[in-house]
K.L.:
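Input: one structure, supplied below.
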Number of protein chains: 2
Amino acid sequence: MELRTLRYFVAVAEELHFGRAATRLHMSQPPLSRAIKQLEADVGALLFARSPAGVTLTPVGTVLLDEARALLDHADRVRVRVSAAAGAATITVGILGDGTDPGVSRLAAAYRRNHPGIDIHIRDTDLTDPTCGLRAGLVDVALTRAPFDETALTVRTLRTDPVGVVLRADDPLARRDRLRLAELSDRRWFQFPQDTDPSWQSYWNGGTPREGPVVRAVQECLQAVLWNGTVGLAPLGHDLPAELAVVPLTDMVPSRVVAVWNEGDTNPLIRSFIEIATAAYRR
Amino acid sequence: MELRTLRYFVAVAEELHFGRAATRLHMSQPPLSRAIKQLEADVGALLFARSPAGVTLTPVGTVLLDEARALLDHADRVRVRVSAAAGAATITVGILGDGTDPGVSRLAAAYRRNHPGIDIHIRDTDLTDPTCGLRAGLVDVALTRAPFDETALTVRTLRTDPVGVVLRADDPLARRDRLRLAELSDRRWFQFPQDTDPSWQSYWNGGTPREGPVVRAVQECLQAVLWNGTVGLAPLGHDLPAELAVVPLTDMVPSRVVAVWNEGDTNPLIRSFIEIATAAYRR
DNA sequence: AGCGCCGATACGCCGTAGGTATCGTTGCAG
DNA sequence: CTGCAACGATACCTACGGCGTATCGGCGCT
């Protein structure tokens with residue numbers, strides 16, 4: 001009789017419908033049916049009367065529903081009390097550009113739900129530091145993009161995005177539905193400042209050093225495309241102003257959204273953040 | 001934060017020693033260490049201060065210890081209340097011979113611990129019915145030995161025992177450390193009564209029909225060996241009177257201790273019994 | 001009588017819990 | 001000061017179980 005199983009049971013008992021309960025639990029119906037059956041074997045009594053007309057709670061099920069709700073509430077209170085005992089703590093999260101992802105806010109919400117007393121400081125950095133201040137000790141964990149120098153860091157991939165090229169909408173190549181890097185070799189490209197991580201710089205240049213304006217932030221990038229006619233690479237799936245177009249690149253290794261933290265960091269809050277991030281990006 | 005994890009935590013907190021706690025939990029130390037680490041990530045705080053001098057609870061750990069104990073107690077009470085609501089029920093268990101196994105009493109104890117309100121009726125049967133009255137509708141579940149006619153029954157193997165031959169201690173063959181069936185072909189063997197399950201009868205005759213006295217119970221078997229000089233097969237590992245010896249047989253397929261119930265039986269008490277039996281025999 | 005709804009079953013995959021072996025640190029003894 | 005023993009952490013592997021997809025089966029409704 002684990003808490004997870006009881007949460008399943010409460011969902012079914014409230015919906016009185018396995019399919020809907022499964023949807024609510026973000027799972028499919030068969031494993032839910034099985035879990036309930038196992039719970040019935042565990043407590044030694046039928047909890048639901050299944051009939052084609054519908055699902056009903058048995059008397060024992062009614063009792064368990066009350067008990068399970070109380071127990072789950074109790075468990076929630078345990079979490080709160082332990083968090084309170086842990087006291088006010090802070091973690092600082094570095095984020096690349098102006099929000100690598102729409103998922104970041106979801107993640108922050110999920111984390112705050114798990115650890116209500118913990119302050120989350122977000123440190124938004126420009127594109128010149130792929131570790132978002134982690135190396136400099138300014139943040140505890142970074143949500144960013146690979147690749148970069150990983151020595152003394154631990155990296156977990158959260159998602160991979162195909163990469164496209166950003167062009168002016170009136171660029172002749174902008175109408176193409178896909179492109180290869182070679183077709184852009186005569187263009188001007190972005191540069192990051194001199195001291196930027198080399199593999200990071202190299203990645204966004206498509207593997208070969210390029211000439212072009214120095215940029216530091218996403219907006220600078222886009223402006224450079226608009227005004228200087230340079231090209232730039234960007235992961236697909238972001239909104240762009242109408243004057244810009246993005247064309248998928250077929251021969252570019254996809255961009256990885258990653259979480260990074262210091263190798264050997266034992267802070268449970270950081271570990272927890274990583275786990276929640278992994279789960280949040282899984283769907 | 002599942003109940004299982006909290007039980008681990010309480011064990012470590014009480015022992016203040018990972019190795020001893022693991023022993024108490026019937027597991028090994030590494031997965032316990034890992035589980036605690038995951039719990040720490042889950043609640044977002046270190047629970048133990050590990051130092052070579054020993055393990056100590058952190059302040060947060062102290063709080064969680066109280067809370068976890070309370071929650072686990074609550075969970076136990078939930079079980080009790082649900083069992084009470086299920087009311088008095090009875091399951092009847094058929095057992096072969098005079099207790100197939102020393103594990104049976106352990107099993108009954110474990111079952112009673114899980115389902116305090118449930119009466120367990122034990123029906124002890126002789127060797128002539130391998131289903132122990134299940135076919136006749138006299139019991140809900142049987143702890144017995146395979147093989148037998150399994151139509152409309154579901155069988156789960158709990159354990160397998162090598163089989164030996166039972167001989168008088170003064171029998172010339174009794175000194176051998178192992179035997180083959182062929183070396184016993186000129187002997188008299190047991191018979192079960194006419195209407196006994198054929199594959200059951202055949203199994204205990206080593207696959208070929210034999211001549212010999214009809215027996216119904218284990219004691220009759222042993223007496224027949226003593227007084228008639230017949231041979232009989234028996235799973236190894238049982239105590240025998242000093243006048244009898246058992247010699248392992250090399251070419252006999254091992255005997256399986258099984259739990260059997262009616263195919264499609266949906267009674268959760270029976271399902272529960274099966275699960276508890278499986279777990280009880282696992283170690 | 002046929003179709004549709006819905007829970008149960010079958011089956012394959014993968015994540016994770018648990019096992020064994022080993023390491024790293026630290027305190028202690030010779 | 002240099003093994004050595006104790007003990008938790010880590011690495012790696014295996015196996016079981018939880019979840020998904022596909023499908024079945026039973027009852028109700030038109």
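Numbered from 1 within each chain, the chains take letters A, B, ... in sequence-line order. None of the values given here were measured: they were computed from a predicted structure.
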K.L.:
Walk me through it: do B:Glu14 and B:Arg20 pass the test salt bridge (Lys or Arg N to Asp or Glu O under 4.0 Å)?
P.N.:
CA-CA 10 Å; B:Glu14 285 174 356; B:Arg20 279 198 299 275; over 6 Å; no

K.L.:
Describe the nucleic acid contact of A:Phe48 in one word from base, sugar-phosphate, nothing, applying a heavy-atom distance below 4.0 Å.
P.N.:
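Contact class for A:Phe48: none.
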
K.L.:
Any idea which of D:dG18, C:dG19, D:dA9 is nearest the B:Ser33 side chain?
P.N.:
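Nearest listed nucleotide: D:dA9.
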
K.L.:
Quick one: B:Leu46 CG to D:dG8 C1', roughly how many Å, whole number?
P.N.:
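Computing the B:Leu46:CG to D:dG8:C1' distance gives 14 Å.
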
K.L.:
Quickly work out the A:Gln29 CD to D:dT21 C1' distance and round it to whole Å.
P.N.:
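Checked: the CD to C1' distance equals 12 Å.
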
K.L.:
Pick base, sugar-phosphate or nothing for A:Gln38, based on heavy-atom distances below 4.0 Å to the nucleic acid.
P.N.:
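Touches sugar-phosphate only.
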
K.L.:
To the nearest Å, give me how far apart CG (B:Leu32) and C1' (D:dC7) are.
P.N.:
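These atoms are roughly 13 Å apart.
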
K.L.:
Measure from CZ on B:Arg34 to P on D:dA11 and round the result to the nearest Å.
P.N.:
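So the CZ-P distance, B:Arg34 to D:dA11, works out to 12 Å.
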
K.L.:
How many angstroms lie between NE2 in B:His17 and CZ in B:Arg24, if you round to the nearest 0.5 Å?
P.N.:
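Between atom NE2 of B:His17 and atom CZ of B:Arg24 there are 13.0 Å.
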
K.L.:
State, to the nearest 10°, the angle formed by the axis through the first five base pairs of the helix from C:dA1-D:dT30 to C:dG30-D:dC1 and the axis through its last five.
P.N.:
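Its terminal axes enclose an angle near 10°.
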
K.L.:
Rounded to whole angstroms, how far apart are CG on A:Leu39 and P on C:dG7?
P.N.:
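It is 17 Å, rounded to the nearest whole Å.
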
K.L.:
For A:Ile36 and D:dC19, what is the distance between atoms CD1 and P respectively, to the nearest whole Å?
P.N.:
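That distance rounds to 11 Å.
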
K.L.:
What is the distance from atom CG of A:Leu16 to atom CZ of A:Phe48, rounded to the nearest 0.5 Å?
P.N.:
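These two atoms lie 7.0 Å from each other.
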
K.L.:
What are the residues of residues 11-22 of chain B, sorted by number, that bring a heavy atom to within less than 4.0 Å of DNA chain C?
P.N.:
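None, since no heavy atom is under 4.0 Å.
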
K.L.:
Can you run down the side-chain hydrogen bond (donor to acceptor under 3.5 Å, both in side chains) pairs that involve residues 57-66 of chain A, sequence neighbours left out, and say none if there aren't any?
P.N.:
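Of all non-adjacent pairs touching residues 57-66 of chain A, none passes side-chain hydrogen bond (donor to acceptor under 3.5 Å, both in side chains).
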
K.L.:
Measure from the side chain of B:Pro30, starting at C-beta and using heavy atoms only, and say which of C:dT9, D:dA11, D:dC19 lies closest.
P.N.:
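Within the option list, the nearest is D:dA11.
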
K.L.:
Between B:Lys37 and D:dT10, is there a contact of a side-chain N or O with OP1 or OP2 at under 4.0 Å?
P.N.:
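Yes, such a contact exists.
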
K.L.:
Roughly how far, to the nearest 0.5 Å, is the CG atom of B:Leu64 from the CZ atom of B:Phe9?
P.N.:
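Between B:Phe9 CZ and B:Leu64 CG, I get 4.0 Å after rounding to 0.5 Å.
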
K.L.:
Report the distance from atom CD1 of B:Ile36 to atom CZ of B:Phe18, rounding to the nearest 0.5 Å.
P.N.:
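Interatomic distance, B:Ile36 CD1 to B:Phe18 CZ, rounded to 0.5 Å: 5.5 Å.
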
K.L.:
Using whole Å, what does the distance between atom P of nucleotide C:dT9 and atom CG of B:Asp265 come to?
P.N.:
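About 12 Å, once rounded to whole Å.
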
K.L.:
Take the protein atom CZ of A:Arg50 and the nucleotide atom C1' of C:dC5, then report the distance between them rounded to whole Å.
P.N.:
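So the two atoms are 17 Å apart, to the nearest Å.
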
K.L.:
So, are B:Asp161 and B:Arg145 salt-bridged, with charged N and O less than 4.0 Å apart?
P.N.:
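A salt bridge links B:Asp161 with B:Arg145.
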
K.L.:
Taking 4.0 Å as the cut-off, does a side-chain nitrogen or oxygen of B:Ser28 come that near to OP1 or OP2 on C:dG19?
P.N.:
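Looking at the OP1 and OP2 atoms of C:dG19, one of them is under 4.0 Å from a side-chain N or O of B:Ser28.
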
K.L.:
Quick one: pull up CG in B:Leu134 and CZ in B:Arg123 and give me the separation to the nearest 0.5 Å.
P.N.:
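Result: 10.5 Å between the selected atoms.
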
K.L.:
Enter the distance from B:Ile276:CD1 to A:Asp42:CG here, rounded to the nearest 0.5 Å.
P.N.:
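So the CD1 of B:Ile276 and the CG of A:Asp42 are separated by 8.0 Å.
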
